[in-house]
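This report concerns only the one structure given below.
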Protein chains: 2
Amino acid sequence: VSYTALEQCFREIGHLDHALAMLGWDEAVMMPTGGGEARADALAALAAIRHERLVSPRVGDLLAATRPQALDDWQAANLREMQRAYRIATALESDLVAELARASTRCEQVWRTARAANDWEAVVTPLERVVQLTREKAQRLATARSCAPYDALLELYQPGISQATIAPIFDDLEGFLPPFLERVLEFQARLPRAGCEGQYPIARQAALGRELMTRLGFDFGRGRFDTSHHPFCGGQPDDVRLTTRYVESDFFPALMGTLHETGHALYEQGLPARYRGQPVGEAGGMAVHESQSLLIEMQVCRGRPFLRFAAPLIAQHLGVALPVDTLYRVATRVERGYIRVDADEVTYPLHVILRHRLEPALLAGSLAVRDLPEVWDVEMHRLLGLATRGNDRDGCMQDVHWFAGLIGYFPCYTLGALMAAQIFARIRAEVPDVETALAEGSLAPVLDWLRRHIHGRGRLVEGLDLIAAATGEPLGTAAFKAHLEARYLAA
Amino acid sequence: VSYTALEQCFREIGHLDHALAMLGWDEAVMMPTGGGEARADALAALAAIRHERLVSPRVGDLLAATRPQALDDWQAANLREMQRAYRIATALESDLVAELARASTRCEQVWRTARAANDWEAVVTPLERVVQLTREKAQRLATARSCAPYDALLELYQPGISQATIAPIFDDLEGFLPPFLERVLEFQARLPRAGCEGQYPIARQAALGRELMTRLGFDFGRGRFDTSHHPFCGGQPDDVRLTTRYVESDFFPALMGTLHETGHALYEQGLPARYRGQPVGEAGGMAVHESQSLLIEMQVCRGRPFLRFAAPLIAQHLGVALPVDTLYRVATRVERGYIRVDADEVTYPLHVILRHRLEPALLAGSLAVRDLPEVWDVEMHRLLGLATRGNDRDGCMQDVHWFAGLIGYFPCYTLGALMAAQIFARIRAEVPDVETALAEGSLAPVLDWLRRHIHGRGRLVEGLDLIAAATGEPLGTAAFKAHLEARYLAA
């Protein structure tokens, strides 16, 4: 009885999440600028109501009264996720939440202009405030859970991970990647330069994206495909709102962006329908989510079989007949660069490791905000062999995350890449003729496997356990390293 | 102090209205079909939260504690509208509201297929249920306000009107219109037949609509223009979402539909910014809203001066050079017809009067649902000289209103038409060279007057008082009749 009442409470919270997701999508994709102020107020009001419902004494009483022994596996997992959400929400006084929201909004606004002007000094004070408030938040969350403050933040983005899980994995990658990168750069230096610059009308690029999304299994009866300033995948499982952005001079960024978001979208569309609107019916965390986008983009779509299928469609929609070899070289080009979001899959983890080395120190206060540019430069030099002194715009100011109060998020990107490699290795081992199917444009065997082992399981188990159960081994670096070696060092 | 707290309470309700409006627009314009179930649940949850907030004891206590003597005119009017909203919301038990919502949804679903099949028998029972529940609702509302049940329903759509205000006006029109219609039909029978059928790509029609909206003063920084199955004007004053629908074979319906909705949109965009999200900052009721759409469509855009300005734009966008005379004859063609929504401005009030003659009897129970087709036929014959026996699809089944539980709404359409005529007559008397400005495509002098006398006043006074103050006389039929005579009987 108390469990059923809990489901009812969380169903209403799910309806509020629906409204928040759709209004957020609308803000990014449809809203005229004049609507911004009223929208911000409406979103804040809905978020406040959501919080009020979640921390209500009724939810607390029902959680205390519900015994998992009487529940089936799904219900017990749902209860666990309800308890997690309640613990996190009640750990933070609303004053702190409001103050952090104000400070982050303010800091992000300053950051926008300061980054463009390469003006580090302008962001130091607002960022110090955000870091200080995030430290308080982490301490409150850590006390409620009896864990370390940084681990408490990690949980917000990927339940079940901790510094103890990340450290050995990242140490391993940090040893492997720099010398591997050298070898790849040497190898690629001998290949002819390939590119696909040209003039590609946006409507044609969009039609190409739409066709590939459809072929990959995106259900347009339960989703849309639009344009926004930053690509994202929003909405709800039965109404997934995917966006991309275009440049006319090169179709490749929008194409890969669309395929990446399609990975997120397929995950959302595959979540268990029986638990719609319940915590256990949601995606398993940001690292797991990223694993699904990277699996589609990196493992599937940047591989030769899929590019073989895509080449004639590219020719048909865009009027350019590019050889598969050219597409493959463009899809797998590796370069040392300053910017994380522009990085290839070899250098990307180094960008993440850099940030992950600094985050806990920033949070603990052993690294002062003021010293970030210097430390960034040292780390960038060590990991990627690049100098960033005097170029903070492309250094420690490049990402919005910290300025927006997101500390503890970055590891998800690389954990997702490792998961994707491990999952795809397992799929190739278990499912016959995957590559043949992909070369014919069919993701069906892959998607079928993902539906059974990942998508359809929601939050039945925590992220790392989900991956371990699906792949038969704990998350590690072996599959990712094998993938990199096969893709980047073979002729 | 209590007044300020009330504004805070209603501000939150306004944020929920924002969410409901935007999600409703999205449902009609953007949402894939698969999202329908989750959206319906989310809208219902938000509406329930809105209701809960409105009827909360806190709002009741604050309303009881607030004395209008200490308030300025706007605050006092805001308090009056808060009290109205509270009285209406608390008059209805949530069981009745829920049951009526279910019965209406069910009845509307049955109506959709039954209307297509001309199957009156299928809708009798569900409509009887809706009428019965609406009767209970009207009785509850009437008790709370000490008025007649039908008047209680009228207030829901246009505060300040009653059967006593409507009766003499409609009696007058009923005496005037049938013989006038005869004269118009005779007059028009001597004119050459004009039409503008052709092939008009939708993208070009949309570009034409967009340009005319801009010229009329629609602010695209605070609104959008899209396509939906039924044209409507939704959203919020700083983010107005206007839609239209197109047929390729004739541009006129979409054009006039767009201009009609633009009238609604200009009203919304002109509401007093200082009272955004407060009841007093909202539009003054559905009749007043309709007056603004009809003023733009009927008084302005179907008149010769505006058509003179529009003709070259139509030629430019659609590639057809139609003489102004042709456009004017198309814009002013009068015909006896079965369907209200297709009616011209001469016959439209007769369709409304017919419905208004039946509504109170239906509500009181003196007219049985079962007898509707017969009575409809009698009235249709009397008012418009048409027979509808055996053709209920185009008779008493044509409008969704009653099937959806909307009894008391119809009078707003014709009251709006009368208001529009009276307002425009006043504008022409007060503002020099209105017609010259319109022929040059400038609505500025008209819009400026409307902003001052109608739009910017929100709900400061009730609808009929607003019109009386703006035009210098109580709402009557004289201006409307004079307008019809000038437009439809002059060469």
Side-chain angles (χ1 to χ4, degrees), chain A residues 8-27 29-50 52-53 203 218-226 235-242 265 268-269 271 273 276-277 281, chain B residues 8-27 29-50 52-53 203 218-226 235-242 265 268-269 271 273 276-277 281:
Chain A
Q8 191 53 46
C9 292
F10 277 84
R11 192 167 293 126
E12 192 192 33
I13 290 168
H15 296 325
L16 289 163
D17 285 334
H18 176 113
L20 285 162
M22 292 303 169
L23 293 172
W25 170 85
D26 182 272
E27 182 173 14
V29 181
M30 293 291 160
M31 192 186 76
T33 51
E37 199 173 314
R39 179 62 50 86
D41 290 344
L43 288 171
L46 289 176
I49 293 171
R50 184 198 191 280
E52 166 202 304
R53 301 302 232 224
F218 183 88
D219 177 359
F220 275 97
R222 295 196 292 135
R224 293 182 51 92
F225 176 44
D226 296 279
Q236 294 275 283
D238 289 317
D239 188 356
V240 175
R241 306 287 173 104
L242 189 157
E268 287 288 320
Q269 292 191 332
L271 288 168
R276 281 285 185 275
Chain B
Q8 191 53 46
C9 292
F10 278 83
R11 192 167 294 126
E12 192 193 33
I13 291 169
H15 296 325
L16 289 162
D17 285 335
H18 176 113
L20 285 161
M22 292 303 169
L23 293 172
W25 170 85
D26 183 272
E27 182 172 14
V29 180
M30 293 291 159
M31 192 186 76
T33 51
E37 202 173 313
R39 179 61 52 87
D41 290 344
L43 288 172
L46 289 176
I49 293 171
R50 184 197 190 281
E52 166 202 305
R53 300 304 232 224
F218 183 88
D219 177 359
F220 275 97
R222 295 195 292 134
R224 292 182 52 92
F225 176 45
D226 296 278
Q236 294 275 283
D238 288 318
D239 187 357
V240 174
R241 305 288 174 102
L242 189 157
E268 288 288 320
Q269 291 192 332
L271 288 168
R276 281 282 186 278

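Per chain, numbering begins at 1; letters A, B, ... match sequence-line order. These numbers come from a predicted model, not from an experiment.
- Contact record, P237(A) with L271(A): CG-CD1, 4.1 Å, taken as the closest heavy-atom pair.
- Atom CD of E37(A) sits in a sparse spot, with 12 or fewer heavy atoms from other residues, nucleotides or ligands closer than 6.0 Å.
- Qualifying ring pair (Phe, Tyr, Trp, His ring centres under 6.0 Å) partners for F225(A), counting only residues two or more places apart in sequence or in other chains: none.
- Of the atoms belonging to R276(B), not a single heavy atom falls under 4.5 Å from chain A.
- Put simply, the side chain of Q269(A) gets close to the backbone of R222(A): a donor and an acceptor are under 3.5 Å apart.
- Considering all non-hydrogen atoms of both residues, F218(B) and L242(B) come closest at CE1-CD1, 4.3 Å.
- Heavy-atom pairs under 4.5 Å with chain B were tallied for D41(A), L16(A), L46(A); the largest tally goes to D41(A).
- Of the atoms belonging to D26(A), it is side-chain heavy atoms, and not backbone ones, that fall under 4.5 Å from chain B.
- Contacts of R53(A) with chain B are made by side-chain atoms alone, with heavy-atom separations under 4.5 Å and no backbone atom involved.
- When heavy atoms are compared at a cutoff of 4.5 Å, L43(A) does not approach chain B at all.
- Residue R11(A) does not touch chain B at all, counting heavy-atom pairs closer than 4.5 Å.
- Counting all heavy atoms, side chain and backbone alike, A21(B) lies closest to G235(B) at CB-O, 3.6 Å.
- For R50(A), the salt bridge (charged side-chain N to carboxylate O under 4.0 Å, His left out) partners at least two apart in sequence or on another chain are D17(A).
- Interface residue E12(A): only side-chain heavy atoms are found under 4.5 Å from chain B.
- Of the listed residues (Q236(A), M31(A), M22(A), R241(A)), the greatest number of heavy-atom pairs within a distance under 4.5 Å of chain B belongs to R241(A).
- Interface check for chain A: of the options G221(B), A38(B), G14(B), the most heavy-atom pairs under 4.5 Å are formed by G221(B).
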